[in-house]
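Here the structure is laid out as structure tokens; the discussion comes afterwards.
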Number of protein chains: 2
Amino acid sequence: MVVVRAGLSPERLTLAGAELADEVGFDQVTLSALARRFDVKQASLYAHLKNSHELKTRIALLALEELADRVADAVAGRAGKDALTAFANAYRDYARAHPGRYEAARYRLDPETAAASAGVRHAQMTRAILRGYDLAEPDQTHAVRMLGSVFHGYASLEAAGAFDHTDVAAQQSWDWTLDCLDTALRSRSTPRPAA
Amino acid sequence: MVVVRAGLSPERLTLAGAELADEVGFDQVTLSALARRFDVKQASLYAHLKNSHELKTRIALLALEELADRVADAVAGRAGKDALTAFANAYRDYARAHPGRYEAARYRLDPETAAASAGVRHAQMTRAILRGYDLAEPDQTHAVRMLGSVFHGYASLEAAGAFDHTDVAAQQSWDWTLDCLDTALRSRSTPRPAA
DNA sequence: GCATTTGCCTATAAGCTATAGGCAAATGCA
DNA sequence: TGCATTTGCCTATAGCTTATAGGCAAATGC
């Protein structure tokens with residue numbers, strides 16, 4: 001009776017959990033389901049994860065990390081509306097390709113964990129693309145929040161199927177929205193010499 | 001041994017469920033918790049609700065209804081930016097006053113239920129507001145989606161505490177955002193004679 | 001005043017999280 | 001190479017959840 005170990009680790013479990021989330025939804029990610037996936041008993045996972053909260057937190061951190069990487073990649077070398085579009089598309093594309101991970105990225109983290117997460121990179125990158133619009137504080141903060149709301153709101157509603165009822169393609173509305181945002185932000189630029 | 005009946009009904013259970021959601025979060029609303037609240041055994045609830053999905057669906061419908069009522073009330077007799085602001089504020093205020101119900105309003109409904117819900121009133125009211133901006137199709141649809149995204153995104157991020165880290169008041173960013181949206185929409189008005 | 005319906009009950013099963021304790025494989029070290 | 005320790009996964013168990021089946025008494029109908 002040769003017993004081969006499954007080779008579990010927090011990292012492997014997290015990755016498998018993220019895949020599971022994309023397949024069945026983040027709220028359906030359970031330790032039991034994960035254990036089944038590794039053909040292992042559910043209690044065995046507790047040797048690698050403190051509890052299911054830790055699993056979810058790790059998946060959330062993974063998603064934030066991946067999303068920040070993609071956005072960083074997309075905006076590199078771009079500025080102005082070009083950067084805005086690249087950021088927004090990277091964001092939306094990730095949410096569509098990885099719905100479970102995207103949900104996970106909204107999992108509520110305790111303050112210290114959040115502070116150490118890639119969430120701060122998101123805020124930094126948003127501020128970076130706003131450099132092309134010459135916004136002074138506190139307008140810049142307002143704009144960060146507005147953009148975050150639009151991107152998250154759109155991704156979230158689209159994932160929920162809210163745009164499925166009407167015959168207009170979600171892609172067109174997205175492009176239109178980005179255009180709109182660009183205009184709005186430019187109209188708020190401060191140091192433009194002649195109004 | 002006088003046994004007094006608890007007087008359960010789908011309506012009372014739904015309302016209590018909504019209150020419970022606001023107190024502990026929509027995902028913490030369970031039939032067991034609800035039964036405890038009525039000092040009744042959990043299995044008894046199945047006489048009034050098919051299952052927990054029905055409870056959640058009913059809470060979602062209640063929330064959509066309430067939200068639509070408030071918005072309708074707020075926008076009545078207003079037009080243009082005034083209407084936009086009233087709509088937006090009613091929306092955000094509801095989300096802040098009733099976080100659990102607001103979460104419930106995002107609960108995924110099956111298509112027929114959604115079609116019969118107050119969700120359609122939301123879309124109608126959004127279109128009504130946009131009448132003040134003279135947008136032709138498909139721009140109107142784009143605008144409906146953009147506004148929905150901003151409102152939902154903002155409420156959702158604010159509820160998640162995403163705006164707590166920076167010292168700028170969420171109210172100010174909200175006002176700024178609405179201003180921005182108004183400008184953006186006006187710049188897209190079609191039948192404005194002279195460009 | 002009796003029959004029917006209704007409302008809540010107990011009992012039970014299955015799935016989830018979590019803890020405790022056991023045993024064998026893997027590893028460390030002389 | 002051989003023994004002690006550590007590690008990895010196991011079983012067993014308890015408490016929580018949803019959900020179903022069947023029972024009995026209160027409420028209602030006639």
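The chains referred to below are lettered A, B, ... by the order of the sequence lines, with proteins before strands, and numbering in each begins at 1. Note that the structure is predicted; figures quoted are calculated from it, not measured.
Considering only heavy atoms from C-beta on, E158(A) stays 4.5 Å or farther from R145(B) through its side chain.
When both pairing distances are held under 3.5 Å, dG15(C) makes a Watson-Crick or G-U pair with dC16(D). Base pairing annotation: dG2(D) forms a Watson-Crick or G-U wobble pair with dC29(C), both donor-acceptor distances under 3.5 Å. The nucleotide dA24(C) finds its pairing partner in dT7(D), both defining distances of the Watson-Crick or G-U wobble pair being shorter than 3.5 Å.
One interatomic measurement links the two molecules: CG of L34(B) to P of dT17(D), which rounds to 12 Å at whole-angstrom precision. In this structure, CG of L20(B) is placed 14 Å from C1' of dT17(D), rounded to the nearest angstrom.
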Task: Footprint string (nucleotides 9-20 of chain C, 5' to 3'): B base within contact, S backbone only, - free, heavy atoms under 4.0 Å - done: BBB----SBBB-
Please tabulate, one pair per line, each protein N/O and nucleotide N/O from nucleotides 5-7 of chain C that are separated by under 3.5 Å, including the distance.
from, atom 1, to, atom 2, distance (Å)
dT6(C), O2, R5(B), NH2, 3.2
dG7(C), O4', R5(B), NH1, 2.6

TODO: Take S156(B) and H152(A) through the test side chain to side chain donor-acceptor pair (under 3.5 Å) and record every step on the way to the result.
DONE: CA-CA 9 Å; S156(B) 166; H152(A) 169 53; 3.1 Å; yes
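By the criterion of side-chain heavy atoms lying less than 4.5 angstrom apart, applied directly or through intervening Ile, Leu, Val, Met, Phe, Trp or Tyr residues, L13(B) is grouped together with L61(B) in one hydrophobic cluster. A chain of hydrophobic side-chain contacts below 4.5 Å, direct or via other Ile, Leu, Val, Met, Phe, Trp or Tyr residues, connects V24(B) to F38(B).
In this pair, F26(B) and Y107(B) present their aromatic rings perpendicular. The plane angle is above 60°, beyond the 30 to 60° band. Between Y91(A) and F87(A), the angle of the ring planes stays under 30°, which puts this pair in the parallel group of the 30/60° scheme.
Atom NZ of K56(B) and atom CG of N51(B) lie 9.5 Å apart (nearest 0.5 Å).
The ring of Y94(A) has its center closer than 6.0 angstrom to the ring center of H98(A).
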